[in-house]
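Any value given below was found using the heavy atoms of this structure, including those in side chains, with hydrogens, waters and symmetry copies removed.
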Amino acid sequence: MDRADYSAEAAEADFDEEAIVPDVLAGKRLDQVLAQLYPDLSRNRLQGWIKSGRVLVDGQTVVPKHKVLGGERLQLDMSPDPDQMPYEAENIPLDVVFEDEAIIVINKPAGLVVHPASGNWSGTLLNGLLHHDPALAGVPRAGIVHRLDKETSGLMVVARTLSAQTHLVRQLQARTVSREYAALAHGDVVADGVVDAPIGRHPSQRTKMAVIPSGREAVTHYFVDRHYVECTLLTCRLETGRTHQIRVHMAHLGHPLIGDQVYGKRRCSNEVLMNFPRQALHARRLGLNHPLSEQSMSWSADVPEDFAQLLRLLESGNAFNAD
């Protein structure tokens with residue numbers, strides 16, 4: 001599976017192991033060096049850690065074939081692989097929009113982490129899914145095929161069988177899954193447009209993504225819905241599904257999302273906008289071909305109450321004076 005399309009809010013890794021590259025290993029590939037330093041770990045696992053950013057060389061992420069010079073400081077995140085850990089079912093209320101024998105469509109609330117990771121090993125959507133359907137324990141990642149950031153609300157699809165999961169992953173890779181978001185951005189976005197800019201791990205801040213030349217292809221279409229004072233309501237449609245894609249792309253345009261604490265460092269005079277506690281982003285429409293029938297299906301979900309209240313204040317012109 002293409003993990004770049006399995007988007008998650010980037011969690012800061014716990015680099016719990018450090019080592020210095022011995023001079024005698026100078027000129028070797030990083031994966032070969034690690035295999036010698038940690039003979040109890042398989043080469044495949046080490047390569048996977050390097051590719052996923054769980055190994056730093058002098059504070060930077062590199063590729064497995066990176067050749068070392070000797071003397072570099074290595075940092076490793078050796079925490080358990082989230083996809084291989086057994087997880088407990090937890091009685092977490094889920095807003096199920098649709099379900100049948102193949103899929104479940106969830107309207108995820110803001111604040112709910114999708115998949116356990118460092119700092120969030122329980123209380124996630126995955127834990128709630130295992131309670132909702134214990135049979136999901138037999139499907140990798142409890143059937144989750146794509147993610148929403150913790151503070152992003154909206155629609156997600158979950159596979160109930162391995163075959164359905166494979167079908168959905170292929171649709172994501174073929175870009176036949178349609179995903180539409182409501183987004184409130186800082187400033188006056190003048191007209192509709194498209195951002196075609198590659199996204200990859202930030203070169204120095206591992207918990208962030210960034211537009212970088214070496215990143216993976218990322219395309220976001222955006223459409224102006226409504227202009228407000230100091231902000232613009234947008235519809236965003238994903239052509240690709242990179243981590244934090246809409247947030248990174250809108251910040252790249254100079255219009256970060258309202259409430260985005262990671263990419264939205266932009267000041268304005270509207271205190272209500274400045275105090276909105278999360279990124280104003282909601283996955284409101286989802287479309288796909290059903291894994292069994294191949295029938296085209298779609299679902300929609302209104303923005304949640306916090307987002308709706310903010311829009312009402314902007315519509316009424318009382319946003320500046322609201323409590």
Co-membership, hydrophobic cluster, residues [X] and [Y], 4.5 Å side-chain:
X    : Y    : answer
L112 : W121 : yes
V219 : V224 : no
L311 : M274 : no
Y38  : V24  : yes

Is a donor on one side and an acceptor on the other found under 3.5 Å between the side chain of [X] and the backbone of [Y]?
X    : Y    : answer
D100 : I103 : yes
H227 : D188 : no
K108 : D149 : yes
T232 : A185 : no
R216 : G200 : no

Quick one: pull up CD in Q36 and CG in L46 and give me the separation to the nearest 0.5 Å.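 If we round to the nearest 0.5 Å, Q36:CD and L46:CG are 11.5 Å apart.
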Just so I know, are the side chains of [X] and [Y] near enough to count as touching, which here means a heavy-atom distance under 4.5 Å?
X    : Y    : value
R43  : Q32  : yes
L129 : I144 : yes
I212 : I199 : no
I92  : L125 : no

Could you go step by step and tell me if E17 and R54 meet the salt bridge (Lys or Arg N to Asp or Glu O under 4.0 Å) rule? CA-CA 11 Å; E17 176 70 17; R54 294 176 64 174; over 6 Å; no
Please collect all ring pair (Phe, Tyr, Trp, His ring centres under 6.0 Å) contacts where either partner lies in residues 257-305, sequence neighbours excluded, each pair once.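 Found F98-W299, H244-Y263.
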For H131, enumerate each residue passing the side-chain hydrogen bond (donor to acceptor under 3.5 Å, both in side chains) test, keeping only those at least two apart in sequence or located in another chain.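 H131: no side-chain hydrogen bond (donor to acceptor under 3.5 Å, both in side chains) contacts found.
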Non-neighbouring partners of [X] that pass salt bridge (charged side-chain N to carboxylate O under 4.0 Å, His left out), sequence neighbours left out:
X    : result
R284 : E180, D225
D192 : none
R160 : E99, D133

For residues 55-70, which side-chain N or O atoms pair as donor and acceptor with protein atoms under 3.5 Å away, sequence neighbours left out?
from: D58; atom 1: OD1; to: R73; atom 2: N; distance (Å): 2.9
from: Q60; atom 1: NE2; to: P203; atom 2: O; distance (Å): 3.4

Should S269 and E230 be marked as a side-chain hydrogen bond (donor to acceptor under 3.5 Å, both in side chains) after you check the CA-CA gap, both sets of side-chain angles, and the distance that decides it? CA-CA 8 Å; S269 61; E230 297 193 90; 2.7 Å; yes
What pair of heavy atoms forms the shortest contact from L257 to A183, and how long is it?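 L257 and A183 have their closest heavy atoms at CD2-CB, 3.9 Å.
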Testing V194, T235, V189 one by one against Y222 for a side-chain contact (heavy atoms from CB on, under 4.5 Å), which residue passes?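 It is V189; the other options fail the test.
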